[in-house]
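Note sheet for the following structure.
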There are 2 protein chains.
Amino acid sequence: MDSRYSSMTVKPDTRTLIMDIAEKAVLEKGFEATSIDEIVVAAHISRGGFFYHFKDKNALARALIERYIDAENALFDDIFGRARELNDDPLHAMLIGLKLLAEMLDDLPNGHPGCVIAAAAYQDRLFDRGVREMNRRAILGWRARFRAMFEEIAKVYTPREPLDLNALGDMVSGVVEGAIVLQRVLGERQTVSAQIMQLRTYVKLLFAPPMQMDH
Amino acid sequence: MDSRYSSMTVKPDTRTLIMDIAEKAVLEKGFEATSIDEIVVAAHISRGGFFYHFKDKNALARALIERYIDAENALFDDIFGRARELNDDPLHAMLIGLKLLAEMLDDLPNGHPGCVIAAAAYQDRLFDRGVREMNRRAILGWRARFRAMFEEIAKVYTPREPLDLNALGDMVSGVVEGAIVLQRVLGERQTVSAQIMQLRTYVKLLFAPPMQMDH
DNA sequence: ATCGAACTGTACCGAGAGTCCACTTGACCG
DNA sequence: CGGTCAAGTGGACTCTCGGTACAGTTCGAT
C-alpha cells in the first residue's frame, strides 16, 4: 500500500502522507507517545486537516493497523508464493520461504521496522473493540495460513514429534513478534532474521527424515 | 519481590502498594495509559504522596522494570535449578525446566501476566537512557544464561544442525515475548505455554540422538 | 459561475503530568 | 515531654495533548 497513484501522479494524497508519517513515529515510539501535533507539523498540514481525514486518533490507529495487515499478507503471499514456485515440495517451499523472509529482513538497513499490532497490544486505552477484533482476526489469519502449510507438509513427511498444529501455526508470528521486541531493546539489526532461521531449523528437524537432508 | 516484611508485619509499605497497583494496570493497559490519578485513588493516597515516593512516572517505570527483572531471574533460578536437581544431564534438565515453566504458566488463572520490558519497548517517550539500558542488560543477561546452558548441552550431545548460540540463547525470551503478544491479542490463556512447548520440542530435536529418546 | 472536497486558523474544553509548597501526623529518641 | 524526621495531605498552578466547533479559504471539475 501503495500506489493507487502511479509514481507519475505527484498528488500528495494527504491521508497516505499522514499515515506514513504516523506509522514511522508509532513504530519508533508507540501510539500514545505519537502526538497529533507532531504528525501535523511533519505533514505540513493544520490540525483541522488531520481531523478532516481521521475523526480521532483511534481512527488513525485503525487505518494503520488495517494497512499493516494487508501489507503483511501481501508479503507472505509473495514470499511463500515464490518459494512454492522454486520448489513444489511443501516442506522445501516452507524452508525456502523462511529463508527468503530472513534474507529480506537482513537487507533492510535497520532490520524489521516493527509491528503496529504489537505496538497496540501493550497500549489498550486508545483502542476500541473494533481495533482489537481486527488484530485478533489478523493473528488468527496467520495461524490458519501457516497451519495449512504445515498440514500440507505433514501429508508428505512424517513428523518426528507429535504436532500441535495451532501452536505451530502461531509460531511464525510469535517468533517474529518476540524477535522484534528483542531487537527494539537490544538495537541489534539481525535479531529478527536470526530468530526466523532458528524457526527454520526447527521446521527442518521436525519433518526431515532422520538421517539425510540437504537443502 | 517480595516480602522484606513478613506476612505478620501489617505495615502497608505504600511504595510497594503503589508498585503492585501500577504493575497490574501497566500490564493491562500500558504505561502511558496508566494515570497517576488512577493509581493514587486505588492506593488511597494523595498525589503528593505518590510524588513523595517516585519523583516522576519514569522513576515508577524504572522501579517496576527493575523488580520485574529480579523476579524473572529468581524464577529462572528456581525452575532450572529444580530441573537440574531432578536430572543432572544438561539436556534433560533443560527439557524438564521448559516443561516446568510451561506448567507453571498453565496453572496461572489468566496465563502469563505480561512483560513490563515489552510494554516499555513499544512506548519510548516515557523512558530515559537508564531504563533502556536496564532492559538491554536484562535481555542480554537472559541470552547469556541460556546460551551457557546450551553450551553445556553441546558438550554432551552433538547438535544435529549447526548452532547459533546467541540466537538460541535469545530464543527463550523471544518465544515468550512473542507468545505474550499473541496471547494479549487473542485472549487465549495457553498461548505462552504452548509456544514454550514448541521451543522444547525444538531443543529436543536439535540435540537428541537421531533415533531413540524417551523423555 | 458555482459547488463541493479538501483544507486553514482560531478559540475553547477537559484530562493528565508535573511543580511548589505549607501544613499534619505519628513513631522514636533523648 | 518536647523535638525531630519520615511519610504523608491538599490545594493551586502550568503545560501538553486529545478532541470539538465552526467560520472561512482554495481549487479543480462540471
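Chain letters run A, B, ... following the sequence lines, proteins first and then strands; every chain starts at 1. The figures here come from the full heavy-atom set of this structure, side chains too, leaving out hydrogens, waters and symmetry mates.
- Taking the side chain as every heavy atom from C-beta outward, A:Phe31 and A:Leu60 never approach each other to under 4.5 Å.
- Contact annotation: side chain of A:Arg47 to base of C:dG9, donor-acceptor pair absent below 3.5 Å.
- In the set C:dG18, C:dC7, D:dG19, C:dG18 carries the atom at the smallest distance from any side-chain atom of B:Asp56.
- Here the P atom of nucleotide D:dA21 and the CZ atom of A:Phe50 are 17 Å apart, to the nearest Å.
- As judged by a 4.0 angstrom heavy-atom cut-off over every strand, B:Ser35 is placed among residues touching the sugar-phosphate backbone only.
- Atoms CZ (B:Phe51) and C1' (C:dA17) sit 6 Å apart, rounded to a whole Å.
- Comparing D:dG19, C:dA5, D:dG8 by their nearest atom to the side chain of A:Tyr52 picks out C:dA5.
- Rounded to whole angstrom, the span from the NZ atom of A:Lys57 across to the C1' atom of C:dG16 amounts to 13 Å.
- Note: NE2 (A:His44) to C1' (C:dA6) measures 18 Å, nearest angstrom.
- Contact annotation: A:His53 side-chain N/O to C:dA6 OP1/OP2 distance is not under 4.0 Å.
- A salt bridge links A:Arg82 with A:Asp78: the closest approach of a Lys/Arg side-chain nitrogen to an acidic carboxylate oxygen falls below 4.0 angstrom.
- Distance, A:Leu60 CG to D:dG18 P: 11 Å, rounded to whole Å.
- Neither OP1 nor OP2 of C:dA6 sits under 4.0 Å from any side-chain N or O of A:Thr14.
- As a whole-Å value, the separation of A:Glu38 CD from D:dC17 P is 8 Å.
- Summarising the geometry, the separation between CD on B:Glu32 and P on C:dA17 is reported as 10 Å, rounded to the nearest angstrom.
- What separates CZ of B:Phe54 from C1' of C:dT19 is a distance of 18 Å, to the nearest Å.
- A salt bridge links B:Glu152 to B:Arg84: at least one charged side-chain nitrogen sits closer than 4.0 Å to a carboxylate oxygen.
- Taking every side-chain heavy atom of A:Ile45 into account, C:dT8 is the closest of D:dG19, D:dA6, C:dT8.
- Map A:Phe31 and A:Gly48 each onto its nearest nucleotide of DNA chain D; the residue landing nearer the 5' end is A:Phe31.
- Ion pairing between A:Asp106 and A:Lys99 fails under the 4.0 Å rule for side-chain N and carboxylate O.
- Between A:Phe150 and A:Phe207, the ring planes lie parallel to each other; the angle is under 30°, not in the 30° to 60° tilted range.
- Residue A:Ile36 places its side chain closer to D:dG18 than to any other of D:dG18, D:dT9, D:dG8.
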